[in-house]
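Keep in mind that the numbers below use all heavy atoms, side chains included, and drop hydrogens, waters and symmetry copies.
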Amino acid sequence: MRAFLGRKIRFPRKMIGQLIKRQVTTSNRYLLCTIPCRSIKVDSTTKLGFPCTYSEEETKKILNTLNEQDVEELYKYNISKYRLKKIEGWRKKFGGFLSLEQVLELDGFGVTVLRKFYDSIVHGPKADAVVAPKVKEVKFTTPLLATQVAARVTSCVSLYVGLDYVTWARFKVTKDQPTALTGWNSYNISDRKLHLAELIRNVTHINQLIPEADVYVVENPPVAQATAMGSAVQTNINVQRSQLIGMLMLMLANRPTSFSQPHQQMGGDGETGGQGAEGELPSAGSNVFFLKQYLSARLFGIFVGNERVSAEEVVRSLMDRQIGPNEDESLQSVQSRLNIPVGLRIIYDENDRAEREFLGQSLLLGLTFLRLCVFKCEDSLKMFRR
């Protein structure tokens, strides 16, 4: 003990903070202790490699903006919606930021991104940031649904193709009226390893069951799926699903319908003339659209991590509320509201859990197509523009 008390205690010269001296009496010897007191600094430093400095006034302005403004208000600055969610999560958990560098601890924030964000706060957003923010056009379908075609859609059938079920939902679109669900149904595929001839027979039967509509929508299948090495069974399942989607959509594309055929002008002698510039519409087959993968899961909040979770809770909510996907959304059009008849709700309830799940996925798929591509609801579109 004596040997320890006789030693000199040295502290780093760069230690920041007030030094408090304490005298401790032990066997007539005095021990001098220096205890650093941590203080919160509001001035910018070069910690964590941050390459720029701001004045004390600018730093306070940035911190006040980060900690006090609503997240919706931060949207007008040079920052993406994904990163704003990270800031919102930090504020809910810790209450606020103590320094400019602390934001670098969040996922998705680098030095360059953060500097642009801070500069936009210091210098203020652009004059048109709030009134007319830059709109990023997103391609949702293949082929692209033209505006003049979208205006003519009065009915839609959305199909969800799983490993065991093919389910579909039919929607009726009426001007200035809520969208109506007019039917949904499913077809069970008993075998995941069907011979090609048997697969054709099943697809032909499914095609006969699917009701007529102006457009048909299916989720775009993945180009490739990871399978366990040597798993021939899983490979066959993936191949069969792709074959099923291809055959089915080809049959639907070749259905006779006036919607996908070009308008023809009548000549003076009553014969059919050529296509006029104003009457031109896409050629036959344009009634089939492939929706970008996982769009419906993202729009309705059932995409967690890299997986799609159950849609039953969302479907039940839609049945109860009879409105769009999110309760907080201001519905831009009456058409984006959804009307589900009582009879179809009973059909949904009478099915087993697996079939209800597939029916729900087909319902959400159709609603996603209508809201993003036909009605172009701004509240839904802005989720994919940043």
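Put simply, the side chain of Phe171 does not reach to within 4.5 Å of the side chain of Val215, judged on heavy atoms. Side-chain contact between Asn351 and Leu359 is present, with at least one heavy-atom pair separated by less than 4.5 Å. Here the side chains of Phe300 and Leu367 are in contact, with some heavy-atom distance below 4.5 Å. Annotation: side chain of Val304 is not in contact with side chain of Glu307 (no heavy-atom distance under 4.5 Å). Between Met247 and Leu196, some side-chain heavy-atom pair lies under the 4.5 Å cut-off. Val173 has its side chain out of reach of Cys156: every pair of non-hydrogen atoms, C-beta onward, lies at least 4.5 Å apart.
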Step-by-step side-chain contact (heavy atoms from CB on, under 4.5 Å) determination, Asn220 to Thr142: CA-CA 8 Å; Asn220 193 36; Thr142 303; 5.8 Å; no
Trace of the side-chain contact (heavy atoms from CB on, under 4.5 Å) decision for Asn185 with Leu209: CA-CA 9 Å; Asn185 206 338; Leu209 295 175; 5.8 Å; no
side-chain contact (heavy atoms from CB on, under 4.5 Å) between Glu212 and Arg170, worked out: CA-CA 9 Å; Glu212 297 285 342; Arg170 187 182 187 277; 5.8 Å; no
Intermediate values then yes/no, side-chain contact (heavy atoms from CB on, under 4.5 Å), Leu252 and Val157: CA-CA 10 Å; Leu252 294 175; Val157 169; over 6 Å; no
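Between Tyr54 and Tyr118, the ring-plane angle classifies as perpendicular under the 30° and 60° cut-offs.
More than 12 heavy atoms of other residues, nucleotides or ligands lie within 6.0 Å of NZ in Lys61, so this atom counts as buried by the packing criterion.
For Asp349, the salt bridge (Lys or Arg N to Asp or Glu O under 4.0 Å) criterion is met by Arg316, not counting sequence neighbours. Contacts of Arg201 classified as salt bridge (Lys or Arg N to Asp or Glu O under 4.0 Å), with partners at least two apart in sequence or in another chain: Glu198. Legend: residues meeting side chain to side chain donor-acceptor pair (under 3.5 Å) with Gln240, ordered by chain and number and at least two apart, are absent. In this structure Met251 satisfies the side-chain contact (heavy atoms from CB on, under 4.5 Å) test together with Val203, Thr204, Asn207, sequence neighbours excluded. Take Glu313 and apply the side-chain contact (heavy atoms from CB on, under 4.5 Å) test, not counting sequence neighbours, and it matches no residue. By the side-chain contact (heavy atoms from CB on, under 4.5 Å) test, Lys116 pairs with Asn78, Thr112, sequence neighbours left out. Tyr160 pairs by the side-chain contact (heavy atoms from CB on, under 4.5 Å) definition with Thr167, Glu219, Arg308, Phe358, Gln361, Ser362, not counting sequence neighbours. For Phe117, the ring pair (Phe, Tyr, Trp, His ring centres under 6.0 Å) criterion is met by no residue, not counting sequence neighbours. Residues satisfying the side chain to side chain donor-acceptor pair (under 3.5 Å) test with Asp164, not counting sequence neighbours, are Arg192. Tyr187 is linked by a ring pair (Phe, Tyr, Trp, His ring centres under 6.0 Å) to His205, counting only residues two or more places apart in sequence or in another chain. Scored by the side chain to side chain donor-acceptor pair (under 3.5 Å) test, Asp107 finds Tyr82 as partners (sequence neighbours excluded).
Hydrophobic clustering (side-chain heavy atoms under 4.5 Å, transitive across Ile, Leu, Val, Met, Phe, Trp, Tyr) groups Phe94 together with Leu84. In the hydrophobic clustering of ILVMFWY residues, with side-chain heavy atoms under 4.5 Å counting as a link, Leu244 and Leu250 come out apart. Each of Tyr294 and Phe140 belongs to its own hydrophobic cluster when Ile, Leu, Val, Met, Phe, Trp and Tyr are linked at side-chain heavy-atom distances under 4.5 angstrom. Linking ILVMFWY side-chain heavy atoms closer than 4.5 Å, directly or via other members, places Leu318 and Phe303 in two distinct hydrophobic clusters. Under the 4.5 Å side-chain contact rule for hydrophobic residues, Leu338 and Ile346 do not share a cluster.
In this structure, CG in Leu365 is found 11.0 Å from CG in Leu299, a value given to the nearest 0.5 Å. Expressed to the nearest 0.5 Å, how far CG of Asn67 lies from CD1 of Ile62 amounts to 11.5 Å. Taken to the nearest 0.5 Å, the CZ atom of Phe384 stands 5.5 Å off from the CG atom of Leu372. In this structure, the separation between CD1 on Ile121 and OG1 on Thr59 is 11.0 Å, given to the nearest 0.5 Å. One distance of note links CZ of Arg356 with OG of Ser186; it measures 12.0 Å at 0.5 Å rounding. Remark: Asn339 CG to Lys172 NZ distance equals 11.0 Å, nearest 0.5 Å.
Without hydrogens or angle criteria, Asp352 side chain to Glu355 main chain gives a donor-acceptor distance under 3.5 Å. Using a distance-only test at 3.5 Å, with no hydrogens or angles considered, a donor-acceptor pair links the side chain of Asp214 to the main chain of Thr154.
Residues Cys373 and Lys376 share a closest heavy-atom pair of O-NZ, 3.7 Å. Of all heavy-atom pairs between Phe290 and Val288, the closest is CE1-CG1, 4.1 Å. Across every non-hydrogen atom of Tyr216 and Ile210, the tightest pair is CE2-CG2, 4.3 Å. Nearest heavy-atom pair, Ala213 versus Ser155, reported as atom, atom and distance to 0.1 Å: CA-OG, 3.3 Å. The nearest pair of heavy atoms linking Val315 to Leu363 is CG1-CD2, 4.0 Å. Between Leu145 and Ala150 the shortest heavy-atom distance is CD2-CB, 3.8 Å.
Of the listed residues (Leu295, Val218, Val374, Leu364), just one forms a side-chain contact (heavy atoms from CB on, under 4.5 Å) with Phe369, and that residue is Val374. Of the candidates Tyr348, Trp168, Tyr165, Tyr348 is the only one forming a ring-ring contact (aromatic ring centres under 6.0 Å, His included) with Trp184.
The pair Glu357-Arg353 fails the salt-bridge criterion, with no side-chain N (NZ, NE, NH1 or NH2) lying under 4.0 Å from an Asp/Glu carboxylate O.
Within the structure, no pair that satisfies the salt bridge (Lys or Arg N to Asp or Glu O under 4.0 Å) test touches residues 293-305, not counting sequence neighbours.
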